[in-house]
Every structure is written in structure tokens, then in C-alpha cells.
Amino acid sequence: MFDPKCLFCRIVRREIPAMILHEDEGLVAFRDINPQAPTHLLVIPRQHIASLNDLLPEHRDVVGDMHLLARELARAERIADEGWRVVMNCGPAAGQTVFHIHLHLLGGRDMGWPPG
Ligand code: 5GP
Ligand code: ZN
């Protein structure tokens with residue numbers, strides 16, 4: 001549930017500062033420290049789930065709620081209409097560096113496809 005060595009667990013517990021935009025009983029959203037777009041937010045569950053490889057049926061509501069919150073945050077950031085992107089990297093080859101699942105919400109610029 002909580003991994004003391006996990007960076008994002010420590011942000012959830014406010015042991016490490018972050019620009020937090022939203023908190024509720026299940027989720028926390030904050031600005032990425034190294035933004036790759038004018039809007040680059042991270043939406044994470046409070047509970048420690050290392051990666052999408054560890055996702056279980058009991059996490060169904062968690063990942064659903066992460067996307068519903070992303071929708072609200074995109075509206076609040078005023079990028080809902082122009083378009084925005086959700087990215088969840090899973091594993092080293094995909095570029096996952098923090099092993100606590102997180103949804104990247106990116107927007108405010110045109111996005112290339114395919115992603116790198
Ligand atoms: P990943 O590479 O695992 O998909 O994404 C991890 C993200 O976390 C990266 O975009 C990185 O910039 C961000 N990040 C790493 N350390 C911190 C931190 O201490 N605070 C914040 N706000 N973001 C971080
Ligand atoms: Zn964690």
C-alpha cells in the first residue's frame with residue numbers, strides 16, 4: 001500500500017513537496033517537475049501500484065477515476081477542446097522511471113505521432 005522508498009508514495013504523504021492541483025481520497029494530481037509540454041500533469045493513486053503489469057481487477061475503479069480526473073484537469077487547464085494526451089509508460093523500454101503508476105496528462109502544444 002505504501003512503499004517508503006517510492007518517490008510518489010512520498011509525494012502522496014507530503015514528505016516531498018510537489019505542485020499539487022487536486023487531492024481526494026483515492027488520487028493525487030500534481031505538475032511534472034520536468035514538463036514536456038505547457039501542461040504536463042501527473043495523476044497518481046494514493047495506493048502503491050508499481051506498474052500496469054501489476055494491475056488487478058480490483059484496481060478497475062482506480063484507473064477509471066484517474067481518467068475521469070484527467071478529463072476534469074484538462075478542462076481546468078483549458079486544453080480540453082484543442083486536445084490533450086494521456087500517456088502511461090509501463091516498464092523500462094517504454095520509459096517508465098518511477099515505479100508507482102501515473103497518468104501523464106500532456107497538452108498545450110501540437111503532439112507528434114507516433115510517439116518516440
Ligand atoms: P515516467 O518516466 O516514469 O513515465 O514518468 C515519471 C515522471 O515523473 C517524469 O516525467 C518526471 O519528470 C517526473 N518526476 C520525477 N521526479 C519528480 C518529482 O520529484 N516531482 C515531480 N513533480 N515530478 C517528478
Ligand atoms: Zn509508491
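One-based numbering, in listed order, for ligands and for the atoms of each. Position 1 is the first residue of the sequence; numbering continues from there.
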inquiry  = To check your reading of the model: name the closest protein heavy atom to atom 15 (C) of ligand 1, its residue, and the distance in Å.
reply    = Leu7 CD2, 4.0 Å
inquiry  = Using every non-hydrogen atom in the two residues, find where Met88 and Leu103 come nearest and quote the distance to one decimal.
reply    = CG-CA, 3.8 Å
ask   = Relative to the heavy atoms of His102, which atoms of ligand 1 are at a distance of less than 4.0 Å?
value = 1 (P), 3 (O), 4 (O), 5 (O), 6 (C)
ask   = For ligand 1, is Phe99 a contact, meaning one of its heavy atoms is under 4.0 Å away?
value = no
query = Heavy atom of Leu42 under 4.0 Å from ligand 1?
reply = yes
key: Contact check: Asp32 vs ligand 1, nitrogen or oxygen atoms, below 3.5 angstrom   = yes
query = What atoms in ligand 1 come closer than 4.0 Å to a heavy atom of Phe8?
reply = 8 (O)
ask   = Does anything in residues 4-14 pair up under side-chain hydrogen bond (donor to acceptor under 3.5 Å, both in side chains), and if so which pairs, sequence neighbours excluded?
value = Arg10-Glu15, Arg13-Glu15, Arg14-Glu23
ask   = His104 heavy atoms, cut-off 4.0 Å: which ligand 1 atoms fall inside?
value = 1 (P), 4 (O), 5 (O), 7 (C), 10 (O)
query = To the nearest 0.5 Å, how far apart are CE in Met66 and CG in Leu68?
reply = 11.5 Å
task = With rounding to the nearest 0.5 Å, note down the distance linking CD1 in Ile101 to CG in Asp54.
result = 9.0 Å
message = Below 3.5 Å, N or O to N or O, backbone or side chain included: is there any such pair between Gly95 and ligand 1?
response = yes
note = When every non-hydrogen atom of Ala50 is compared with those of Gln96, the smallest separation belongs to O-NE2, 3.0 Å
ask   = Do any N or O atoms from the side chain of Arg46 and from the backbone of Asp24 form a donor-acceptor pair under 3.5 angstrom?
value = yes
Ring pair (Phe, Tyr, Trp, His ring centres under 6.0 Å): pairs with one or both residues in residues 47-96, sequence neighbours excluded = His48-His100
task = Could you check atom 22 (N) of ligand 1 against the protein and tell me its nearest heavy-atom contact, residue, atom and distance included?
result = Arg31 O, 2.9 Å
query = Closest non-hydrogen protein atom to atom 3 (O) of ligand 1, residue and atom name please, with distance?
reply = Thr97 N, 2.7 Å
message = Please report whether ligand 1 has a polar contact with Ile33, defined as an N or O pair separated by less than 3.5 Å (distance criterion only).
response = yes
inquiry  = Quick check for you: within a radius under 2.8 Å, how many protein N, O or S atoms neighbour the Zn ion (ligand 2)?
reply    = 4
ask   = Hey, looking at atom 4 (O) of ligand 1, which of Val98, Asn34, Asn89, Leu106 has the closest heavy atom?
value = Asn89
query = salt bridge (Lys or Arg N to Asp or Glu O under 4.0 Å) between Glu82 and Arg109: does it pass, once the steps are laid out?
reply = CA-CA 9 Å; Glu82 69 194 45; Arg109 65 167 171 82; over 6 Å; no
task = Output all residues satisfying ring-ring contact (aromatic ring centres under 6.0 Å, His included) with Phe30, sequence neighbours left out; order by chain, then residue number.
result = Phe8
ask   = Is there a donor-acceptor pair closer than 3.5 Å between any side-chain N or O of Asp65 and the backbone N or O of Val62?
value = no
message = With side chain to side chain contact (heavy atoms under 4.5 Å, CB included) as the criterion, how do Leu41 and Asp32 come out once you've worked through the C-alpha distance, each side chain's angles and the decisive distance to 0.1 Å?
response = CA-CA 5 Å; Leu41 312 182; Asp32 195 291; over 6 Å; no
ask   = Can Leu27 and Ile44 be said to form a side chain to side chain contact (heavy atoms under 4.5 Å, CB included), step by step?
value = CA-CA 6 Å; Leu27 304 177; Ile44 70 172; over 6 Å; no
